[in-house]
Each structure stands twice: as structure tokens, then as C-alpha cells.
Amino acid sequence: MTISPAVVAWYRANKRDLPWRHEGFPAWGTLVSEFMLQQTPVVRVIPRLAEWLERWPTPADLASSPPSDAVRAWDRLGYPRRALNLHACAVAITDEHDGVVPSDVPTLLSLPGIGDYTARAIAVFAYGVRVPVVDTNVRRVLARAVEGRALPGPPNAKHDLPLMESQLPDDLSDAHDTNAGVMELGALVCVARNPRCDVCPLVDQCAWVLAGRPEHDGPPPRTQKKYEGSDRQVRGLILAELRASDVGVTAAELEAVWPEPVQRARALAGLLRDGLVTGGPVDGYQLPG
DNA sequence: GAGACGTGGGT
DNA sequence: TACCCAAGTCT
């Protein structure tokens, strides 16, 4: 079962015109885009990425700015510690790698905020290295097309990476487009709900379709906790207040953000622990750096 | 290794 | 209206 030829042909004819796919797009741009794309949709990333790269065209440029600027420029992309990680990553690249984004997976993995997915994505999309890239889209496409399941099991590198590796052709360009194409297919066609099998290039070889599209059987997928009233919401509100202030905010001003004291204290303590907030009750709180 | 971690658009 | 989901990482 090899899905690569159909995926590559489909990808070359149907891929979206995304900034990071343009000729000459720098490795640094790919790295920034991958940070922003960690759990944030493409359409929300594109404008923020353009502003970011205009302001900080190289890792050294970002490294020379304070982390607070990174958190503010991150705006409302969500998971703001990614902004902190990205800044720390720029510092590490500047100080330890001569300002050049590394191209090998182990070195990339050693950088803050870069995990199994992002390391491989940068190696493949910025440098054309032949390694498997596995994200949530890839896991879903492989589960269906290759394994005949409705949904993938929980992420498992020991399972997922060899499975994608087994689909990569030898040719570098084809391997690149297989990685990008399976992701793209999962993002546009083989989506989680209501997959568009009618326009899928794999429909006549998809193990799941050929099996009659059986229901999901394995363990139920993890569900997200409610956001309203959660600590995450409180953290978000506190951070929004801090982003908007040049001089920091007082403990009293934070009471207005979230009156309930126990949860407010817990959220603030978490932000301080994460390094997203500095200061204290006496002198007030502000963004780091 | 299960759970924490933002935000907003689609259905 | 609620709920689902999004190119994950870290602890």
C-alpha cells in the first residue's frame, strides 16, 4: 500500500499558495511559521507571521529584543509561552549556532519549544531533508488510508514515525512533497469531521473507504476542557491586561480582571512560574524583559 | 504519560 | 447555543 504517487500528484496540482512555500522563503521564516502553527489555524498565522518577519528578519534580530516585545507581537495567537520559547530559540540559535537555523533533527530538538513535529518540519520544509513529518493531519490520513481506521490512536512516535517513513519515496523532492502532501490532504480533504472523500485522490485505494468506512473503535479521543471559567481563561485575561500596559499593572488592577481571589492567584502563580510575568504584589506585575 | 496550556472560527 | 477542532510541547 503506497499512497505517495497519488498524494504527490494531487499536492502539486492543488497545494495552497502559502507564504512559507514561496521560493527563497528563509529557514528562519519556516521556523517562525511552525511555532505559530502549533495548534493555531493557518488563516490566523499568516498576517502575524508577515509582521513578525518584517520586524525580526533574522534570529539575531529577535534575540536582541526583550521577550516582552515577542509576547506583545504574538498578540492573540494563543498559547503565549510559544512566544517566549521562540524568543529563547532565537537566542540559542544566535549564541550557539552562529545565527543559522540548524538543519538536522537532533540539533533542532535540543532547542526550546521544538519537539518531534517541529524539528522534522523544519528539517524537511526548510532544508529538504528526507525524514518523516507527522502531525495530527498525517496521523489521521495514515489511520484512514493505510490502516483502515476512522481516527488515529493517541500520538505514538514509535508507531507513527515508522508508518510515515514507510510511505516516503527515495527521491528527495518526492519525499518532500509526500510529507507536505499528506499534511495538506489532511488539512483540506481528509478532515476530522465530514471528510470530503468525493474529491480525495486516495478514494479508490483508501483502506477505510474500502472497508466501508467503519466507525471509530479504539479509545475515545481526548476531549478539551471547557474554556469559560477555566484557569486558562484567567491567564489569558491577565496577560491581555499586561500586553496592553507599558508600565505594568498593580495587584489591585488585577482584581478587576478576575475578582475571584483563589483562581486569580493560581493563574498568576502559573504565569510567574512560566516566566510570562515578572514582578510581585508590591511593585506590580509586568511582561518579562 | 495524562493533563495543562489560548483563542477564535466552523457547524 | 454548545461543542468541535486547529502544522504540539512540556512536565
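A note on names: the letters A, B, ... follow the listed sequences, proteins ahead of strands, and every chain is numbered from 1.
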ask   = Salt bridge between A:Glu184 and A:Arg21, side-chain N to carboxylate O under 4.0 Å?
value =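 Here A:Glu184 pairs with A:Arg21 in a salt bridge, since their nearest N and O are under 4.0 Å apart.
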task = Compare all side-chain heavy atoms of A:Ile46 with those of A:Trp20 and state whether any distance is below 4.5 angstrom.
result = yes
query = Closer to the 5' end of DNA chain B via nearest nucleotide, is it A:Val43 or A:Arg273?
reply = A:Arg273
What integer distance in Å separates [X]:[atom1] from [N]:[atom2]?
X: A:Glu228; N: B:dT7; atom1: CD; atom2: P; answer: 12 Å
X: A:Arg48; N: B:dG6; atom1: CZ; atom2: P; answer: 17 Å
X: A:Asn194; N: C:dC3; atom1: CG; atom2: C1'; answer: 14 Å
X: A:Gln233; N: B:dG6; atom1: CD; atom2: P; answer: 12 Å
X: A:Asp231; N: B:dT7; atom1: CG; atom2: C1'; answer: 16 Å

Could you check whether [X] gets within reach of a base, just the sugar-phosphate, or nothing at all, counting any heavy atom under 4.0 Å?
X: A:Arg232; result: base
X: A:Lys226; result: nothing
X: A:Pro80; result: sugar-phosphate

ask   = When clusters are formed by joining ILVMFWY residues with side-chain heavy atoms under 4.5 Å apart, either directly or through shared neighbours, do A:Leu31 and A:Val71 land in the same one?
value = no
query = Would a hydrophobic clustering, with Ile, Leu, Val, Met, Phe, Trp and Tyr connected at side-chain separations under 4.5 Å, put A:Leu18 with A:Leu37?
reply =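 Yes, because A:Leu18 and A:Leu37 connect within a single hydrophobic cluster, where side-chain heavy atoms sit under 4.5 Å apart.
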query = Around A:Arg196, counting heavy atoms of other residues, nucleotides and ligands shown, do more than 12 lie under 6.0 Å from its CZ?
reply = no
key: From CZ (A:Arg44) to CG (A:Leu77), nearest 0.5 Å   =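 Answer for the CZ-CG pair, A:Arg44 versus A:Leu77, is 6.5 Å.
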message = In whole Å, measure the gap between the P atoms of C:dA7 and B:dA4 for me.
response = 22 Å
key: nucleotides 4-11 of chain C: protein proximity per nucleotide (B base, S sugar-phosphate only, - neither; heavy atom, under 4.0 Å)   = BBBBBSS-
